[in-house]
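In this text, all values refer to a predicted model and were calculated from it rather than measured experimentally. Counting begins at 1 with the first residue of the sequence.
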Amino acid sequence: MKKLLKVLRNWGKTFQLAPISYLLLAGLTGYVIWLISTGIMPFELGETHVAVIWGLLFAFIFSCYGLFFQINRSKKTTKHQWMSLWLQALALPIGYAIYRWFLINVWYGSWSEFYQAQAMTAWGLLILGIFLLIGFLWRKREKGTWLSWNIFLQSIWLGGLASLVLWIGISGSIFSIENLFFDGASFSRIYEYLAAVSFIFVNGTFILNYYNYSLEETIPKDETSDFTFLPSKARKIFGNYIFLPLTILYFLILFAYVIKIAITGIWPKEIVVYMGTGYFAFAILCYYFIYPEESSFFNKLKNCILISFFFVGGLMSYAIGVRVNQYGLTMRRGIIMLVAICILLYPLLGLVFKNHRLSLLMYTIVWVFGIGIFGPVNIDQLALSSQLSRLNHLLAEENIQTPLGSWALSWLTGESVYQISEKVSYIADNYLSAGMNQILEEKDICKEDFRRCSPYVKVYLGIDRNDIQYDFDRTPSRASEYLGFVS
């Protein structure tokens, strides 16, 4: 009974520290329950409903910054409490901004590669920002960063497990009651309501409560006490016997492939960049799990992992550079370049600032991807410039001048048709107004309604008259009428 009361008191204490986070969770849970009750979820979700869910979820995660800002401090002052509440309150306009961004750029606009990259990067930076904030608050004691990260990760998987057990347990009891006492009745909606409550509200509040409770119980209250890493079989199994062998295996494969390149003189295949990314992921996980080990062997192993990133990052840069030189920069290649920059930059910083290696990992990823995706000169703009330059080069080889008029490319034959058509398709589908309109005489080949414009542009240029697609979300007859197929 005492333990139950202690848990409930801590739950109430966490609510006092993060009231806006709890209210956002309750709002998201209630909204999902309403969608289920009206039959909209899960198969009839419209753009507005998805945008609301995105906004509420984004706002909740951002509001957690306020809680983490306060509880990761040994000294909690009134100033820190007000700053924590201010961070939580800031989540509300940020959530609304995400809601509007989703409607304007994702659903009502074209779901291009750049918008996909922006959406995924925004979510990634939001999550990594939590680890970055923790690392900043524990910047003078990196062991505190590792312990706080570890508790946070534990709270996530334990919250998911607790929610799953709760949903299965209560659903099983309801199923038994349904079949024993209400023969022929259907309680299907109840299971869905219960899933919403369990996996959203219970899961979210459990994570916050467990993290707050465990942090207070584990981390020393003052700044003079040292941290103690208790032995862990699970940590040893994952670090020494799973991630370390996988890291060595990936490195040996990449090293053997470099030897093959040096002997045969072949260009590296594109799979190298995925192998390099996989190696980076496994190596970081290995480093994380062996971090508490402080023997000379493990200290040397940690340095070897960092040094190996120079080799892997260099190989990835060379492989993607060959592709960019041949075919130009695209969004996908640009993202891979950002990954390669992170892999090369992180070990450089980690070897210089040895006492901040964990935090530097998050700083590197957040800054590189934040600037690369959202910066004033981002990879989207660089990709457009590269593809336009490549297309102009191909046109110049055929003595074709821009702007291009109707059927300007109808006489082309051979390999040049394929290469030019490929560039036209990429630019038209991703950069119609900013890209193709720079080299076309007609500036309104596709209406704003259409998600995919390359078939219409290619018809206009005379590259492929059979490439018209009729599976657009809006009215394809408008484009057909414009092109002369419908009178």
Side-chain angles (χ1 to χ4, degrees), residues 4-33 52-99 122-123 125-138 144-145 147-163 166 196-219 221 362:
L4 178 60
L5 291 175
K6 186 176 181 180
V7 170
L8 292 176
R9 283 196 300 268
N10 191 69
W11 213 285
K13 182 179 178 181
T14 308
F15 173 76
Q16 291 177 348
L17 294 174
I20 296 179
S21 299
Y22 274 65
L23 292 175
L24 286 169
L25 269 180
L28 178 59
T29 305
Y31 188 74
V32 171
I33 290 175
V52 170
I53 293 174
W54 269 47
L56 286 172
L57 184 58
F58 202 97
F60 162 70
I61 297 176
F62 187 87
S63 69
C64 295
Y65 282 47
L67 174 65
F68 295 165
F69 174 81
Q70 186 170 354
I71 65 178
N72 277 281
R73 291 183 173 275
S74 56
K75 297 180 180 179
K76 302 176 176 63
T77 64
T78 304
K79 177 182 177 181
H80 295 149
Q81 294 176 358
W82 280 107
M83 292 179 67
S84 173
L85 290 174
W86 181 82
L87 281 173
Q88 293 180 54
L90 186 62
L92 300 176
I94 288 178
Y96 179 75
I98 293 297
Y99 161 79
W123 284 107
L125 295 182
L126 180 69
I127 301 298
L128 293 179
I130 294 176
F131 294 91
L132 182 61
L133 175 63
I134 294 172
F136 174 77
L137 295 174
W138 289 100
T145 298
L147 279 171
S148 186
W149 284 8
N150 196 51
I151 293 172
F152 178 56
L153 293 174
Q154 285 180 3
S155 67
I156 292 175
W157 78 265
L158 286 175
L161 180 62
S163 302
L166 178 66
V197 174
S198 299
F199 293 110
I200 299 176
F201 188 78
V202 174
N203 186 20
T205 54
F206 182 95
I207 291 173
L208 299 181
N209 181 66
Y210 180 88
Y211 180 71
N212 181 30
Y213 174 78
S214 300
L215 201 65
E216 288 187 351
E217 294 292 322
T218 305
I219 293 185
K221 303 297 187 298
M362 297 304 163

For L126, is there any backbone N or O sitting under 3.5 Å from a side-chain donor or acceptor partner on Y65? yes
Roughly how far apart are L125 CG and I130 CD1, rounded to 0.5 Å? 12.0 Å
Hey, could you give me the SG/CZ distance between C64 and F62, rounded to the nearest 0.5 Å? 10.5 Å
Which pairs of donor and acceptor atoms, one on a side chain in residues 14-25, lie under 3.5 Å apart (sequence neighbours left out)?
from, atom 1, to, atom 2, distance (Å)
T14, OG1, N10, O, 2.9
T14, OG1, N209, OD1, 3.4
T14, OG1, N212, ND2, 3.1
S21, OG, S63, OG, 2.7

Between W54 and W123, is a ring pair (Phe, Tyr, Trp, His ring centres under 6.0 Å) present by the stated rule, with each step listed? CA-CA 10 Å; W54 269 47; W123 284 107; 5.6 Å; yes
CD1/I61 to CG/L56 distance, rounded to the nearest 0.5 angstrom? 11.5 Å
Shortest non-hydrogen pair, G66 vs L87, comes out as CA-CB, 3.8 Å
Measuring only between side-chain heavy atoms, which start at C-beta, is Q70 closer than 4.5 Å to Q88? no
Tell me if a side-chain donor or acceptor on T205 pairs with a main-chain N or O of V202 at a distance below 3.5 Å. yes
Minimum heavy-atom distance between S163 and F199, given as atom pair plus value: CB-CD2, 3.9 Å
Got a donor-acceptor contact below 3.5 angstrom from the N203 side chain to the G160 backbone? yes
In the structure I gave you, are the side-chain heavy atoms of L161 and F206 within less than 4.5 Å of one another anywhere? no
Rounded to the nearest 0.5 Å, the CG atom of L85 sits from the CE atom of M83 at a distance of 11.5 Å
Atom pair CG/CG of L133 and L128 - distance to nearest 0.5 Å: 12.5 Å
Going through the distances and angles, do I33 and V197 end up as a side chain to side chain contact (heavy atoms under 4.5 Å, CB included)? CA-CA 8 Å; I33 290 175; V197 174; 3.9 Å; yes
Please give me the minimum heavy-atom distance between T145 and I134, naming the atom from each residue. OG1-O, 4.2 Å
Quick one: list whatever passes ring pair (Phe, Tyr, Trp, His ring centres under 6.0 Å) with F60, sequence neighbours left out. none
Quick check: do L132 and F136 have side-chain heavy atoms less than 4.5 Å from each other? no
Looking only at heavy atoms, which two atoms of I151 and S214 are closest? And how far apart? CG2-CB, 3.6 Å
Residue pair S148 / Y211, side-chain heavy-atom distance below 4.5 Å: yes
Is the gap between the ring centers of Y210 and Y213 under 6.0 Å? no
Separation of L215 CG from N72 CG (nearest 0.5 Å): 5.0 Å
